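Only a predicted model underlies this, so the values are computations on that prediction, with no experimental measurement involved. Numbers restart at 1 for each chain; the letters A, B, ... are given by sequence-line order, proteins then strands. Quick note: numbers below take in every heavy atom, side chains included, and nothing from hydrogens, waters or symmetry partners.
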There are 2 protein chains.
Amino acid sequence: MISFEKFIMEDGMPIYLQILQYIKRGIIAGTIADGDELPSRRMLSALLGVNPNTVQKAYRMLEDEGLISSHSGAKSYMVLNDETIARVRSQLLEGDAVGIVLSMKQMGLSKAEAIALLEKYWDKEVNP
Amino acid sequence: MISFEKFIMEDGMPIYLQILQYIKRGIIAGTIADGDELPSRRMLSALLGVNPNTVQKAYRMLEDEGLISSHSGAKSYMVLNDETIARVRSQLLEGDAVGIVLSMKQMGLSKAEAIALLEKYWDKEVNP
DNA sequence: CAAACCGTATTACTCATATAATACAGTTAA
DNA sequence: TTAACTGTATTATATGAGTAATACGGTTTG
């Protein structure tokens, strides 16, 4: 069963996208693997304190991307292979890296300063 | 006159927040300084291709934070001192760094891998 | 002074997000 | 078999973001 223990909800980003992102990051991290059972829509919505429809939207998009399999009445499972994992990895890493670089550059930071900043905050506690 | 030449609009984030962020990053970068003249609401909205109300919303929030001065009929100017600049800097840098670290950690990257990723994309072209 | 700007305000509309309350049919396990 | 779960679907509502079209009054400059 996939754990949502480390899920941290932020505002400013649609919840269903945050769920999508969390799953994809787990795939890259290797904490979510092929065949893993997903929590049901109702269970996860209760856990996160959001509406079941919001979870359903996220799951539906994951299914459209071919990352999970859902069948009416049955539980949902991750469907992953090397190709899909590689695709998700490049999508996410590139998107994040580009965003970071854009942000740092707009602030006038040099590459060295950006790296120093990253190192400085790496070991700090992020979770609330 | 503050330039919006390097402003890149992304979707997924409210435009008025992007304007706010762009100004604040300029303050940190030093490209925006005390006394600088801001483009009028109408001019900037035309330049960005957005509604004047969207720009007004961003400017209003900047005024509420004490970063600009607006008087009916007259142009708007940046109002910055060492204290406010330091405040904006810590707000933005910490927020960005924390977000980056959270993202990388959720993907299971090590500090070294995160730095390598940042270096890899630093010199790539970001603009469309 | 008068024209051309400026900031400010109002109302109405569309769209996406998220919630809410159900309902129905398929699967699974006691 | 039946109860307790699943996934799926529908309709309604609320809110925020963004657009659109105006309007009013103050400032600036020729």
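The side chain of K57(A) places an N or O atom within less than 4.0 Å of a non-bridging phosphate oxygen (OP1 or OP2) of dT17(C). Taking 4.0 angstrom as the limit, T54(A) places none of its side-chain polar atoms (N or O) nearer than this to OP1 or OP2 of dA18(C). Under 4.0 angstrom from either OP1 or OP2 of dC6(C) there lies no side-chain N or O belonging to R41(B). At the phosphate of dG7(C), neither OP1 nor OP2 sits under 4.0 Å from any side-chain N or O atom of R60(B). Under 4.0 angstrom from either OP1 or OP2 of dG25(D) there lies no side-chain N or O belonging to S72(B). For S76(A) and dG7(D), the shortest distance from a side-chain N or O to OP1 or OP2 is below 4.0 Å.
dC6(C) atom C1' lies 14 Å from atom CD of E63(B), rounded to whole Å. Rounded to a whole Å, the CD atom of Q56(B) is 15 Å from the C1' atom of dA23(D). Rounded to an integer number of Å, the gap from NZ of K75(B) to C1' of dG26(D) is 15 Å. The separation between Q18(A) atom CD and dA16(C) atom P is 19 Å, rounded to whole Å. Summarising the geometry, the separation between CZ on R42(B) and C1' on dA21(D) is reported as 12 Å, rounded to the nearest angstrom. If you take CD1 of I19(B) and P of dA17(D), they are 13 Å apart, rounded to a whole angstrom. The nearest whole Å value for the distance from the CE atom in M1(A) to the P atom in dC5(D) is 13 Å. Rounded to an integer number of Å, the gap from CG of L17(A) to P of dA16(C) is 13 Å.
Side chain N53(A) to base dA18(C): no donor-acceptor pair is found below 3.5 Å.
Here the closest non-hydrogen pair linking I68(B) and Y59(B) is CD1-O, 3.4 Å. For P39(B) against I2(B), the heavy-atom pair with the smallest separation is CD-O, 3.9 Å. The heavy-atom pair separating E65(A) from R87(A) by the smallest distance is O-NH2, 3.4 Å.
Taking CD1 of I23(A) as the reference point, atom CE of M61(A) lies at 13.0 Å (rounded to 0.5 Å).
Of all nucleotides listed (dT19(D), dT8(D), dA18(C)), dT19(D) comes nearest to the side chain of I15(B). Comparing dG25(D), dG18(D), dT6(D) by their closest approach to the side chain of Y16(B) singles out dG18(D).
Within the 4.5 Å cutoff, the side chain of R60(A) has no heavy atoms near those of the K57(A) side chain.
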